[in-house]
Structures are given as C-alpha cells and as structure tokens.
Protein chains: 2
Amino acid sequence: MTRRSISIRDVAASAGVSVATVSRTLNSPAQVAASTRQAVLEAIRQTGYAANEAARNLRQRRTGAVVALVPNIANQFFSEILAGIAEVMWPAGYNLLIADTEADGQRPHRLPYIDSNRADGVILFDGAVPAEKVSSAAGRRAPPVVMACEWLPGLSLPQVRIDNVEGARLAVAYLAELGHRRIGHVSGPAANVLTRARMEGWCAVLDGCGLPRPEEWLFSGDFTLDAGMIAARRWLALDERPTAVFCSSDTMACGFIGALARAGVAVPDDVSVVGFDDIDLAAHLHPALTTVHQPRRRIGTAAAEALLTLMAGGKLTNTDTVLPVELTVRASAKPPR
Amino acid sequence: MTRRSISIRDVAASAGVSVATVSRTLNSPAQVAASTRQAVLEAIRQTGYAANEAARNLRQRRTGAVVALVPNIANQFFSEILAGIAEVMWPAGYNLLIADTEADGQRPHRLPYIDSNRADGVILFDGAVPAEKVSSAAGRRAPPVVMACEWLPGLSLPQVRIDNVEGARLAVAYLAELGHRRIGHVSGPAANVLTRARMEGWCAVLDGCGLPRPEEWLFSGDFTLDAGMIAARRWLALDERPTAVFCSSDTMACGFIGALARAGVAVPDDVSVVGFDDIDLAAHLHPALTTVHQPRRRIGTAAAEALLTLMAGGKLTNTDTVLPVELTVRASAKPPR
DNA sequence: CCGAGGGATGTAATCGTTTACAAGCCTCTT
DNA sequence: AAGAGGCTTGTAAACGATTACATCCCTCGG
C-alpha cells in the first residue's frame, strides 16, 4: 500500500533509457526509434506500468473528465444518452462524471462542477438552470458547455436536440387524421423549454384543424409517472373528455394509461394515447405505445463529439444540431368510436 | 484560456501569507490562527480560487474518484442505487464514475478501471465477472473493491446485498397461500448468482409444500423486457399452464404481463404474477405489481460507506451486510379460479 | 575532409498542491 | 533570568508525468 507505485522512472531504468523517451514512446511513438520503442514497450509490460493520471493531468493542465449534468439521475430517459456519451468519451481519454442538478426539490437548480475546475467540459441537460450562472461562469475560467435535449433561451450555447415542435406536430396530426376532434395534452412543467415547444406543436395542429383546446384539456405535469396518474384522475373527472391525449413523455403516458386501466378505462378503445421519447418500455406496454421516437444514443454521441471539438480548442461548424424525430406507430391510438 | 489559472500562490500573495498557510486553512483550519484564517478566506473569495484537483491528487497519491461497475448502464434498476452512492461520495470528496462491464454482448465481462490506477475504490455490481481477474488485481496495487447486489462465489470480498433466497420465498409462499398449486418461475441467466438464490427460494417453498415443479414451468430469461415477453410466449404454448408465475425481476414481469395482455390473457384473473425489485414503475402498472421490495438507495449508501472505510485504511466490522427485503402486495396476484 | 542538417535521446524545468521540518515568538515555570 | 514547550508560520522537498532545449551522432553534399 504505502510502497511507491511503479512510475515512469522504473520503466526508464528497466529499459535503460531516460524518462523522456518512455513518455515519448507512449505519446508520440513516431518520434522514437523502432528498436528503442520495442525495448520500452517490453519494459512497460514487465513492470506492469500504468501512467499516473493525476500527474499527467497536472502537467497538461486538464482534468481528464467531462461531466453530464442531468436534472435527475434516476430518470431512465437519460441512461442510453449517457451510454452514448461514454462510448465517445472513453476512447478519447475522458472519464464521464454524472451529476444531477436537482437539489432535492429545491427550486433553483444547482450547477455542480461548472465553476470548480474539476471537469474539462460540461454537457448540460437542464434548461431550467439559472442562465446567468452559466454565462457568468463562462466569463471566467469555466470549461466549454454543450446543451443537450434542453436549451437555455437567453444564451446561444452550442446545442444538440431534436425538433420538439415537429415531434409534437407529428403526434397530434396523427391523432387528428385518425378522426379525433377532442385532443388533450399532458404537458411537462410550465417553465420547461421542452414543454413549451411540444405544447406549441399541439396548439399549432389543433388551431390549424380548427379544433378546440379548452383549458381543462391541458393537464400540467412534470414528466413523471405520478404526473401521468394525476392527469388520469383529472381526465376521469371531466364532463366532456378528450377522445385522445398526447403525453409529453412516455413515462407520463405510462402513468396515465396505468391509472386509467385501473379505473376500468381501456386504451385505445375508450381513449387514444400517444407518448414522446420511445423508451424501451414503450413497445412492451399493453397496449404497445405509439410514440415520438428520439434517437437517444445519437443525441449522446453528437453532444460528446461537439464537446470534444470545443475542448480541443476547435470551432463547431454546426452550433445547433437538430436530430430527426419520427412517429413510431404502435397500438395505443385508433379512430374514435 | 492559455493564461495561468489562479493558484494557491495568488491567494497566498493576496493574503500576505505563505502557500502552506493557505493550504492549512483549507485542510486543517484548527491549525491556523483565527485572524489569519479570516484573511485567507477573504483572499480566496476575492481571487475566486478553486483548488486544482490534479495537483492535490498527485501529491496525496490518490485519484479522487470511485467507480461503480454495473453490468449495463441502461438498466434502470441501478439508477437509484447510483444516486445513493453519489449522495455519500460527493460530500466525502470523491467523484463517482460509472462504467459498464458488458462488452456489447461479449461473454467474458470486462473490468475497466480495476487495474489502471484511475480510481481509489470500486463498487462492483457484476457477479459474472471472472473472479481470478479481481483476485489477481487485488494481489497487486489495486484499489479496494466492494461487491453490491451480486457477489463472487469464489472470493470473500466485502458485500452489500439483500437476502435473495428469503425474498423469493416470501413471493412464492404468498402465491402458495393464495391457493396456487402450479407456480412457475421466470428466472435470470443460469450462471447469475441472483438467479440461483432466487430459484433456490422458489424450489424451497414448492418442495416444502409438496408442489410440483416440472422443467417447463421454469422460464429462463436474462432480466430484460424481451425475456419477459419470450417467457409469456412459452407460457401461452403450454398445455398445463401455471396459474401463477414468480418473475425474478420487475422488468421481466413487465414484459411478461404486457405480452400476455396483448394475447388477451388477463393478470391476475387468468394468471397471477409477482415480481422482484419494486422499481418505480411497479406501482403504476395495470395491474399494480405485487413484488419483492429492495431498499435500493440504502444498498447504494451502505456500499459507499463500506468503501469509504476501506479507502481510509479501516477494517469493516461487517463484511457481509444483508439488508431487509419485504413483499409489497399490490394487485397482480389473487387466488386461482 | 569539413560543415550542415536532421534524427534520436537526455537533462532539467514545470504543473499546483501537501507536508516534514525548522524557526520564531510567547508564556510560564523554576 | 533562562529554558521548556506550545502555537503559528514559513521554507522547500516531494508527488509523477510532459516537454523545451541541448546534445550527440550519423549521413551527405561540396
């Protein structure tokens, strides 16, 4: 434990060269003669040397880590996105840290890592974070930030996202085409940028078709299972119920459908439902959920690649990457009776 | 960007003290006079100093990170456990890295981080990893390892887990008490330690009650939604079907129930189902899932605390922490017709 | 035969902390 | 009055890598 770990000096001694040569063998092999390189590599193998990251990071003035800031670690929507980020960052020599911005129900979301110099880059998934904190941090010595999924209206940070308005439009247009005239919406929190965009899509289609959208058909939620359940209760309490409902997340759609089913209301026979996200579960529900598909892994890889470019000091050719969405039609929506 | 960052020297200069005093103010405040401490803290505030982790880690011969190795990042069962770990590790000054051991369908699971000296400790959630890799790494300069949820049969590493046999027993005994005589089981992969323990519980209850368990009532899966769906197909194809099924994970129970529902089979009217894990979704399904509850956050915090002790060089008083399980009764099981 | 030039390697400074050791200053005891 | 001992604080040596600069050696053209 306390004994000195194997350092580059040990390798150098074993190979009969200087530490500089060992370092070069590892970092710019072309620069060292083939025979020397062989000897060094052999010495590394024999000694079981593994470079000390802290020393390398100190010298190179970096931390070797990037952090993904998600609103809530436990939200499974992010897991595949994070896997996509890790897939890009690991080979590039960066560790991925994951932290959440939610201070246990506290309103103003936290921004851990953004000003402490513990990360070389940040991928931010939370558009509800105080914009001035990000911009003021950026003024100083803060690492580059890439927004993903959500965005900060005030600032023009590089973004990777989908076309949320279009996604919502696809969903609602589909319901309208099936013949629904009364189409409700279970939304996210009012302040959320995704909520606004998706609601805009819902409004646009309804207005375009001349369909009504009374206040009580808008069920305000927060993307959780519970929110879906609460929306179901409110739907059940209505006199004139929508025959179709567009949910702003699959998770809420799950909660909504589950609560309805337990109340004896069948989807899609009594009410059609369309979700948003296409999480793994969607295809396995009963009924299988018709939903707006998000390319989650690609969101992760695209954001990671953008961040790599910025960290390398490069300029992005595209600071607003909009990935395609499509409607995945399954069984939870059908024409009204 | 390229300009030198604010270091401890700048703070020292600003406060009119030496760097040692600044360092001490931060790390052992009791050692420095109150007035000096004030001055230093003020200087820190003014300069906006944040310590360089790389330098500190280098000097202290640590990495400042712990890694959680899960079989699959995308598995939502782990998310709350990870949140529990982060909750303990963050205040203790450790970053949490998350990596998966699954090399895209490759059989022998990888063990990233365990021998490269990039982490001060490891929490391992995968019992399918080659035991000799862990033990050989331990022989060398490897960081302490704590197993969580799963365990490695050969080795006696410190563990945090639940009583899986007992959990399965509770589930199956409940079904037997409801009057079921034909009770099937959807299991995990044959090689998995959890699979074995839970299957043991299933067998024990059935044997104890003198109930049969023909081979075809054992549906071998792998904890995924798809596995649940496949089990459902096999169940449907049986001549003599079990009237109740105990699933080794809620995720499989979801897939199972969903596929049955789509085939027109109702739970619990036609078949009772009990799951394992009590994921968030369980309460929101239709029918709400009766399942074995795992204290996921506590698993995370307990494992994290054990690892902290080991990293501090301490001895564990308890190297095999077994947390309580209980059956959460909801609506997916009822007496057979 | 000599000097230029280039490739391979070594020397040593540097990154920003922590911490062993030394030193200074008081106070208090004898 | 002198020395012991307890607080504070400063000086400087690590920690283990990368990299600018110097050096050496060899080849090749004039």
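Each chain gets a letter, A, B and so on, in the order the sequences are listed, and its residues count up from 1.
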May I ask you to say what [X] touches in the nucleic acid, namely base, sugar-phosphate or nothing, with a heavy-atom cut-off under 4.0 Å?
X        : answer
Ser23(B) : base
Ala54(B) : nothing
Ala33(A) : sugar-phosphate
Asn27(A) : sugar-phosphate

Inset, instruction - Identify, between Ala55(B) and Ala20(B), the residue whose nearest nucleotide on DNA chain C lies closer to the 5' end. - result: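 Its nearest nucleotide lies further toward 5', so the answer is Ala55(B).
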Inset, instruction - First locate atom CG of Leu69(A), then atom OG1 of Thr101(A), and finally report the distance between them rounded to the nearest 0.5 Å. - result: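 It is 7.0 Å, given to the nearest 0.5 Å.
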Inset, instruction - Any chance you could measure Arg298(A), atom CZ, to Thr321(A), atom OG1, to the nearest 0.5 Å? - result: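 If we round to the nearest 0.5 Å, Arg298(A):CZ and Thr321(A):OG1 are 9.5 Å apart.
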Using OP1 and OP2 only, check whether a side-chain N or O of [X] sits under 4.0 Å from [N].
X        : N       : value
Arg59(B) : dA14(D) : no
Thr36(B) : dT8(D)  : no
Ser7(B)  : dG16(C) : no
Arg61(A) : dT14(C) : no
Thr21(B) : dT8(D)  : no

Figure out the [atom1]/[atom2] separation between [X] and [N], and round it to whole Å.
X        : N       : atom1 : atom2 : value
Arg24(A) : dC21(D) : CZ    : P     : 14 Å
Ile8(A)  : dT11(C) : CD1   : P     : 14 Å
Arg9(B)  : dG10(D) : CZ    : P     : 14 Å
Glu53(B) : dC15(C) : CD    : C1'   : 15 Å
Tyr49(B) : dT18(C) : OH    : C1'   : 10 Å
Arg56(A) : dT19(D) : CZ    : P     : 9 Å
Asn57(B) : dG16(C) : CG    : P     : 15 Å
Gln31(B) : dT19(C) : CD    : P     : 10 Å

Inset, instruction - Name the residue closer to the 5' end of DNA chain D, choosing between Val32(B) and Ala51(A) according to the nucleotide with the nearest heavy atom. - result: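 Nearest-nucleotide comparison on DNA chain D picks Val32(B).
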Inset, instruction - Starting from the 5' end of DNA chain D, give me the residue, Arg37(B) or Leu58(B), whose nearest nucleotide shows up first. - result: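 The residue closer to the strand's 5' end, by nearest nucleotide, is Arg37(B).
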Inset, instruction - Sort out for me which residue in Asn117(B), Asn57(B), Asp120(B) forms a side chain to side chain donor-acceptor pair (under 3.5 Å) with Arg62(B). - result: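 Answer after filtering Asn117(B), Asn57(B), Asp120(B): Asn57(B).
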Inset, instruction - Evaluate the criterion side chain to side chain contact (heavy atoms under 4.5 Å, CB included) for residue pair Trp151(B) and Leu194(B); output intermediate values, then yes/no. - result: CA-CA 9 Å; Trp151(B) 58 92; Leu194(B) 302 178; 3.9 Å; yes
Inset, instruction - Determine the minimum heavy-atom distance between Arg118(A) and Asn95(B), stating which atoms define it. - result: NH1-OD1, 3.1 Å
